[in-house]
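Just the heavy atoms: all of them, side chains too, but no hydrogens, waters or symmetry mates, feed the values below. Residue numbers run from 1 in the order of the sequence given. Counting starts at 1 for both ligands and their atoms, in listed order.
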Amino acid sequence: MADSVGTHDLVLRGARTIDPETGLDGVCDVAVDGATIIAVAEGGNHALRGHAEVDVSGLVLAPGFIDMHSHCRDYASRALQVCDGVTTALELEGGEIDVADAYLKAAAEGSPNHFGFSASWAVVRMAVCGLDVGAAADPFMEYIGDPGWHRALSRDQTPRLLDGLRRELADGALGIGVLLGYCQEASADEYLSVAGLAAEMGTATFTHVRELARPDSGIFGAAEAVTAALATGANMHICHVNSTSTRNIDHVNELVGRGRDQGLAVTTEAYPYGAGCTGIGAEFLAPDALTYQGLEPGDIRYLPTGERVSSVARLNQLRAIDPGGIAVIDFLRESDPDDLGYLMRAFLTAGTAVASDAMPLVPASGDMTEPIPWPVPPDVLTHPRTAGTFSRVLRWYVRELGLLDLTEAIRRCTLVPAEILRDLAPDMARKGRIQVGADADLVVFDPETITDRATYDEPTLTSAGIHHVFVAGIPVVRDGTLLVDARPGRPVRGAG
Ligand SMILES: [Zn+2]
């Protein structure tokens, strides 16, 4: 709280301040005490005093970006996201089999931004199928291609799957992550049962739909999620609608839009890159599956060696020896005007959040257990979306292409994800907003210079034009420099 003479912990003075909920867009002084915004003085109010005062005139002050889709676990990858303005990074698509342990570990290690985890349908399913998930550092990647879980569940296994997920939700999981597109063998009945559990528990699912894994229908996967919303009443969130819809995006937009118009709780997110990224052993990267997506092995870059996959034989070899090896896949070609159109339109549906699908970092040794230092060495590879998604939207879609205005883009990075998560994560009512009483998760940037620098060849270059980032009122980026000792990140938990 402010002390007896009214001096606050922090005052940010004179920024163009944008609150996407109230429509505030004007020059303000903003005061913070502890982790909370305590005053928003429009027109500038020089009466506000702070123990720390930062002149941010000429810059934009926005709520910190909320990333619903981050697979970053370690400090270096989370720090890349902080440098891109991400104050909350949630693992919702993949999730965890033991969320209580995941929260404990993240808190013990300390995080530069807020963190949270869903319950993992895939890993709980792997355990139900008898795979030793407890022994694996990253069980999903370890067993991504294992035939042990690539089969339909028996009648007694589905209730065990649901019980496992129910336990994680009771432990504070943020909904259920459903990597459905990685398991063709899961039945529609199983998926509807998982959605039904989400509806019963008042939570949501976050689905990687089956689109890419099916040759028979371009919108089947999205339709399955929309159908589950209709059949069960559950909140169904479709992850990275860009990469699973690719050239079917117009159909998917129509489907989701009409579903929403009729009251279905279907939400979407997208990232602004034509290439996707996952373990090379994924079902939808099998040679046959590539063929019906119009792709070739050479459209895949395998990051542990940095090579472009030269042939079907090499693809099969890599899938056999290192199924969890991280690969970047050119689903849409950013240099092709038609493909670029599909990518853009993935973003234009009202209510589509910006979400990065940020990936772990792959060291030059290829050994994923090797710790990555900060600053990140230049030979470390990942998908550039890890470091650049949010700045890229503000640079490319807003400043260069004019697809979105600045206020709308900020809304997609902040309030939209906060509202998608509000019913299942009570903390979200205070995030994504610049209002008295809101959390002091803040980003200050120059709208004329903000830019991603990460590329497919240099994917860990930090974004530029972001001057300051505050997490829970604590500076984590100051004058464009990451403060490496700052670990103010707090857990974001489900309602239980
Ligand atoms: Zn995915």
Side-chain angles (χ1 to χ4, degrees), residues 67-73 77 81 89-96 117-126 138-145 149 174-184 186 191 194 204-214 219-222 224-225 228 236-246 248-249 252 256 266-286 289-290 293 295 300 303 323-332 343 346-347 352-360 382-386 389 417 420:
D67 190 356
M68 300 176 61
H69 193 148
S70 170
H71 302 297
C72 297
R73 304 287 179 88
S77 57
Q81 289 213 270
L90 306 174
E91 162 60 279
L92 301 183
E93 182 210 38
E96 292 282 345
F117 311 95
S118 67
S120 177
W121 164 82
V123 182
V124 173
R125 192 181 195 280
M126 287 169 171
D138 184 347
F140 178 72
M141 283 301 202
E142 175 113 6
Y143 294 117
I144 188 170
W149 77 297
L174 291 166
I176 305 169
V178 191
L179 288 162
L180 192 66
Y182 290 84
C183 188
Q184 276 301 78
Y191 186 53
V194 172
T205 67
F206 307 93
T207 305
H208 177 130
V209 300
R210 298 202 227 216
E211 230 88 288
L212 295 167
R214 295 187 64 104
I219 63 167
F220 172 85
E224 192 175 31
M236 303 299 291
H237 180 77
I238 300 176
C239 296
H240 45 50
V241 71
N242 54 301
S243 69
T244 40
S245 305
T246 60
N248 294 304
I249 188 65
V252 171
V256 169
V266 182
T267 54
T268 50
E269 59 171 61
Y271 59 81
Y273 295 87
C277 185
T278 190
I280 199 164
E283 276 184 337
F284 52 81
L285 299 183
L290 288 187
Q293 295 168 72
L295 299 174
I300 300 175
L303 297 190
I326 294 176
V328 171
I329 308 100
D330 294 331
F331 290 123
L332 292 173
L343 180 59
F347 220 90
T352 297
V354 178
S356 72
D357 201 355
M359 292 298 285
T382 185
H383 189 298
R385 69 194 185 197
T386 305
T389 290
I420 290 172

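- Taking 2.8 Å as the threshold, His69 does not count as a candidate ligand of the Zn ion (ligand 1), since none of its N, O or S atoms lies below it.
- When all heavy atoms of Glu211 and Val252 are compared, the closest pair comes out as OE2-CG2, 3.8 Å.
- Note on His208: its N/O/S atom closest to the Zn ion (ligand 1) is ND1.
- Glu93 has its closest N, O or S atom to the Zn ion (ligand 1) at the position named OE2.
- For the Zn ion (ligand 1), the nearest N, O or S atom contributed by His240 is named NE2.
- Remark: Arg385 fails to qualify as a cation-pi partner of Tyr273 under the 6.0 Å distance and 45° angle criteria applied to the six-membered ring.
- When atom types are taken as modelled, the side chain of Asp67 and the backbone of Ser356 share a donor-acceptor pair closer than 3.5 angstrom.
- Looking at Glu283 and Arg210, no side-chain N of the basic residue comes within less than 4.0 Å of a carboxylate O on the acidic one, giving no salt bridge.
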